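Below: one structure, written as structure tokens.
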Protein chains: 2
Amino acid sequence: MSEPTGLRARKKERTRDAIGDAAVSLFLEHGFDRVSVNDIAAAAEVSKPTLFRYFPTKEDLVLHRFADHQGEAARVVRERGSGIEPVTALHRHFRAGLDRHDPVTGLNDHPEVVAFHRLVFTTPSLAGRLTRYQLEDEEALADALGEGVQAHLRAAQVLAVQRVLARTNWHRIADGRTAADVHPEAVADADLAFHRLR
Amino acid sequence: MSEPTGLRARKKERTRDAIGDAAVSLFLEHGFDRVSVNDIAAAAEVSKPTLFRYFPTKEDLVLHRFADHQGEAARVVRERGSGIEPVTALHRHFRAGLDRHDPVTGLNDHPEVVAFHRLVFTTPSLAGRLTRYQLEDEEALADALGEGVQAHLRAAQVLAVQRVLARTNWHRIADGRTAADVHPEAVADADLAFHRLR
DNA sequence: GTTGCCGAGTTGCTTTTTTAACCGGGTCAC
DNA sequence: GTGACCCGGTTAAAAAAGCAACTCGGCAAC
């Protein structure tokens, strides 16, 4: 697959994971504002400059999990099979995410994932930074969809739909329901929303 | 104690341990000659030059466990209390090693330790290199004991005694006896040998 | 006998990391 | 208000690690 990695690359990836995991676990335990980057660096056993070489800001220590999905929508559109509408490809992709309970769809009842979502959306600076990521995502999707205002409009609408769907799912799960229980409604909602997009 | 170590020192120590442990465990499993330094570097997840930065030769990958005791005899003599004969200090030190079943006294029946001794003494290049360590140790002890041929002679005799004692203990344990069982004889032998040194 | 390979070490160059010091904003004490 | 700290983030220099390519000796194929 993507295995022939050298020593250097492997260690970098491990360092990155160590920092990110240490950060998230500390944030979940004590709250975003009560944990300093020094604490995180110490927990991950790296120096402060190293930490910032991997993550440009404190917020990114949390949001890298979203950043991993950065540009995903654009990629889905670009790599869709011939004769398939962009919206259809995105719809299928979202449903696939739903089926495998991908956290980005909001349909995941794993306690850690729930706590993580709570952390992100109840911490202002994180929510704020997240919208910046979404803007870039929107830009990329617009590029993949074509040119002009039309493309931008459609990109914005698609992503808005996805955000609403994810948020809705998350609320249901925050109410105490299980992912499996919510799944049918989530699929129905998605089908409705994407259908209306066309 | 010796805790206030920086990040750098801590990681260096860990790397050193990782290399040394990987080497010894591979050697014990496959034999000294059937394991290449490349294998060890790979197992320890370091590059070959890094390995050689920590250990000058392949043999030292095994012998660092002895090297840790390098100059110990000299130190014991130098740090002995006032009014105490050097030989007495060394005698006490050896007996203390016996009591805590220090591997260097040969009085340790831990299977891994036994296998390790077997590895060292049945691999010619290792045994050879080990004598070089012992020579340096002898030199240091001679320095601590005074000047001239007298000091050298006494140093050589003391270390010879220690080697014989350790070897004897090891043989007994190699015969299947336990360290606790052998202990009284080992102490008696040591008392006899050190007494005769005076 | 020479060609090719393997294993122990080495060498130079680049990348990564640590260290310590710093900046600028915020906060709390006095 | 001002001085002392904490926090997010940066900088420069030096240590350490990785990589690739090398030497040198041994050994086996042909």
Side-chain angles (χ1 to χ4, degrees), chain A residues 3-20 22-24 26-27 29-64 119 123-130 132, chain B residues 3-24 26-27 29-64 67 119 123-130 132:
Chain A
E3 283 303 312
T5 50
L7 218 40
R8 198 129 72 190
R10 228 159 57 225
K11 290 189 176 180
K12 275 183 80 165
E13 203 176 320
R14 239 181 265 168
T15 303
R16 192 185 178 76
D17 286 351
I19 298 173
V24 170
L26 282 178
F27 287 152
E29 189 175 355
H30 303 115
F32 185 75
D33 302 306
R34 271 192 290 279
V35 177
S36 76
V37 292
N38 284 304
D39 297 336
I40 298 164
E45 304 211 86
V46 297
S47 66
K48 200 164 52 148
T50 295
L51 184 153
F52 280 108
R53 261 172 35 78
Y54 282 91
F55 300 92
T57 73
K58 189 184 180 184
E59 284 76 26
D60 290 293
L61 285 164
V62 179
L63 300 179
H64 72 279
L119 171 71
T123 307
S125 58
L126 285 177
R129 178 94 182 171
L130 185 55
R132 268 213 33 220
Chain B
E3 283 302 312
T5 51
L7 215 42
R8 193 125 77 192
R10 226 159 60 225
K11 289 188 175 179
K12 275 183 81 166
E13 203 176 322
R14 238 181 266 167
T15 303
R16 193 186 178 75
D17 287 351
I19 298 173
D21 291 351
V24 169
L26 282 178
F27 287 153
E29 190 175 354
H30 303 114
F32 186 75
D33 302 306
R34 272 192 289 280
V35 177
S36 77
V37 293
N38 284 303
D39 298 336
I40 298 165
E45 305 211 85
V46 297
S47 66
K48 199 163 52 144
T50 295
L51 184 152
F52 280 109
R53 248 175 244 127
Y54 282 91
F55 300 93
T57 71
K58 188 184 180 184
E59 283 76 28
D60 289 294
L61 286 164
V62 179
L63 299 179
H64 72 278
L119 171 71
T123 308
S125 59
L126 285 177
R129 179 96 183 170
L130 184 55
R132 269 215 30 222

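Below, read A as the first sequence line, B as the second, and so on, with proteins coming before strands; counting in each chain starts at 1. Predicted, not measured: the structure shown is a model, and the values here were computed from it. These numbers come from the heavy atoms of this one structure, side chains and all, not from hydrogens, waters or symmetry mates.
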Where do N or O atoms of nucleotides 11-15 of chain C meet protein N or O atoms at under 3.5 Å, pair by pair?
none

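- A pairwise comparison of heavy atoms in A:R16 and A:Y54 identifies NH1-O, 3.2 Å as the closest pair.
- A donor-acceptor pair is defined here as one N or O able to donate and one able to accept, closer than 3.5 Å; such a pair exists between the side chain of B:H64 and the backbone of B:L61.
- Using a 3.5 Å distance cut-off with no hydrogens or angles, the side chains of B:R53 and B:T50 do pair a donor with an acceptor.
- For the pair A:I19 CD1 and C:dT17 P, the interatomic distance rounds to 8 Å; values are reported in whole Å.
- Contact annotation for A:Y54: backbone-only contact, meaning every heavy-atom pair under 4.0 Å involves sugar-phosphate atoms and none involves a base.
- Summarising the geometry, the separation between CD on B:E45 and P on D:dA16 is reported as 21 Å, rounded to the nearest angstrom.
- Taking each heavy atom of B:V46 and A:L7 in turn, the nearest pair found is C-CD2, 3.3 Å.
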Worked verdict on B:E59 versus B:R132 for side-chain contact (heavy atoms from CB on, under 4.5 Å): CA-CA 11 Å; B:E59 283 76 28; B:R132 269 215 30 222; over 6 Å; no
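- The interatomic distance linking B:R14 (CZ) with C:dT18 (C1') rounds to 14 Å, in whole Å.
- One finds a side-chain N or O of B:T50 lying less than 4.0 angstrom from the OP1 or OP2 phosphate oxygen of D:dG18.
- Remark: A:K58 fails to qualify as a cation-pi partner of A:F27 under the 6.0 Å distance and 45° angle criteria applied to the six-membered ring.
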Distances under 3.5 Å between protein N/O atoms and the N/O atoms of nucleotides 6-9 of chain C, please, pair by pair.
residue, atom, partner, partner atom, Å
C:dA8, OP1, B:K58, NZ, 2.9
C:dA8, OP2, B:V37, N, 2.9
C:dG9, OP2, B:K58, N, 2.6
C:dG9, N7, B:K48, NZ, 3.2
C:dG9, O6, B:K48, NZ, 2.7

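- In this entry the distance linking CZ of B:F55 with P of C:dT10 reads 15 Å, nearest Å.
- Residues A:A43 and A:L26 come closest through the heavy atom pair CB-CD1, 3.9 Å.
- Between the CZ atom of A:R16 and the P atom of C:dT16 there is a distance of 13 Å, rounded to whole Å.
- Smallest separation of non-hydrogen atoms from B:D60 and B:P56: OD2-CG, 3.4 Å.
- An OP1 or OP2 oxygen of C:dT18 is reached within less than 4.0 angstrom by a side-chain nitrogen or oxygen of B:K11.
- Across all their heavy atoms, A:S125 and A:F32 have their closest contact at OG-CE2, 3.6 Å.
- One can place CG of A:D33 at 12 Å from P of D:dC7, the figure rounded to the nearest angstrom.
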